[in-house]
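Written below as structure tokens is the structure these notes are about.
Positions are given from 1 along the sequence. Everything numeric here is computed off the predicted structure, so don't read it as measured data.
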Amino acid sequence: ASILGSVLRPDTDDLRLIQRLLPHTVGDVWLWLAISLSAGFCEEFLFRGYLLRQFQALTGSLPLALTLQALVYGAVHLVLPYQLAVSVTVLALLLGTLAVWQKSLLPGMIVHAAIDLAGGLLSFAAAPHGSA
């Protein structure tokens, strides 16, 4: 992600828009936690589980199936700036490879949830908060 970020260089305005999605209050953090865990499970189940198997059955090729599931996953994330969608597509390829290598979705679910959690929680921890 760091390498892709330095090569693709997302626009500062786009990054400000993304910042709005991150948690800003303790309530947001709890919601972020729930969404991160849900996304880690649901997206891995759908993309690296169901779609990967369907694409492999359709094409007869595991490498092509890995690529197709990553492209679909990236397309779903095109609501993000394209630079981030490209990074997400690469991540999907890596998570698909992890699922195939481990013959399990669980490691990818854990990694996916951890990435989502880290993004929100580190952002919240780094942000200035008013005193009560």
Side-chain angles (χ1 to χ4, degrees):
S2 294
I3 293 169
L4 278 174
S6 66
V7 171
L8 297 173
R9 296 186 190 269
D11 183 76
T12 305
D13 291 333
D14 288 338
L15 293 176
R16 280 192 196 106
L17 291 173
I18 296 300
Q19 184 68 26
R20 292 170 145 185
L21 299 173
L22 297 171
H24 298 284
T25 67
V26 173
D28 291 349
V29 169
W30 285 106
L31 184 58
W32 189 270
L33 173 69
I35 290 170
S36 295
L37 294 174
S38 174
F41 174 81
C42 295
E43 291 180 358
E44 291 308 305
F45 183 81
L46 175 63
F47 290 95
R48 266 58 76 187
Y50 180 75
L51 281 181
L52 180 60
R53 288 183 183 180
Q54 293 302 314
F55 283 139
Q56 186 175 11
L58 182 68
T59 65
S61 168
L62 181 57
L64 184 55
L66 281 166
T67 302
L68 290 172
Q69 67 81 26
L71 290 173
V72 172
Y73 189 72
V76 169
H77 286 80
L78 282 174
V79 297
L80 299 172
Y82 79 91
Q83 299 95 333
L84 297 177
V86 169
S87 297
V88 166
T89 303
V90 171
L91 178 62
L93 191 57
L94 295 172
L95 288 170
T97 302
L98 179 63
V100 169
W101 173 46
Q102 293 295 300
K103 296 181 176 68
S104 172
L105 296 176
L106 186 59
M109 289 174 174
I110 293 168
V111 168
H112 190 148
I115 289 169
D116 290 352
L117 283 168
L121 298 180
L122 291 173
S123 171
F124 180 76
H129 301 287
S131 58

> Would you find a donor on one side and an acceptor on the other, under 3.5 Å apart, between the side chain of Ser38 and the backbone of Ala34?
Replying inline: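 The answer is no, because no donor-acceptor pair under 3.5 Å joins these two groups.
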
>> Between Gln69 (side chain only) and Leu66 (backbone N and O only), is there a donor and an acceptor less than 3.5 Å apart?
In response: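 Yes: the side chain of Gln69 pairs with the backbone of Leu66.
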
Do the non-hydrogen side-chain atoms of [X] and [Y] ever get within less than 4.5 Å of each other?
X: Leu33; Y: Val29; value: no
X: Val111; Y: Leu94; value: no
X: Phe55; Y: Leu64; value: no
X: Asp116; Y: Ile35; value: no
X: Leu68; Y: Leu51; value: no
X: Leu95; Y: Glu44; value: yes
X: Phe124; Y: Val26; value: yes

How many angstroms lie between [atom1] in [X] and [atom2] in [Y], if you round to the nearest 0.5 Å?
X: Arg53; Y: Leu58; atom1: CZ; atom2: CG; answer: 16.0 Å
X: Arg48; Y: Leu93; atom1: CZ; atom2: CG; answer: 9.5 Å
X: Phe41; Y: Glu43; atom1: CZ; atom2: CD; answer: 12.0 Å
X: Ile110; Y: Leu37; atom1: CD1; atom2: CG; answer: 11.0 Å
X: Thr97; Y: Gln102; atom1: OG1; atom2: CD; answer: 11.5 Å
X: Trp32; Y: Leu22; atom1: CH2; atom2: CG; answer: 4.5 Å

Joint hydrophobic cluster, [X] plus [Y], side-chain heavy atoms closer than 4.5 Å:
X: Leu117; Y: Met109; value: no
X: Leu21; Y: Leu31; value: no
X: Tyr50; Y: Val76; value: yes
X: Val79; Y: Ile115; value: no
X: Val88; Y: Leu78; value: no

> Is there any side chain to side chain donor-acceptor pair (under 3.5 Å) pair reaching into residues 117-128, and which pairs are they, with sequence neighbours excluded?
Replying inline: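 Side chain to side chain donor-acceptor pair (under 3.5 Å) check on residues 117-128 returns Gln19-Ser123.
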
Minimal non-hydrogen separation, [X] against [Y], with atom names:
X: Gly120; Y: Pro23; answer: O-CG, 3.4 Å
X: Ala70; Y: Ala92; answer: CA-CB, 3.7 Å
X: Ala99; Y: Leu105; answer: CB-CD2, 4.0 Å
X: Gly74; Y: Ala85; answer: O-CB, 4.1 Å

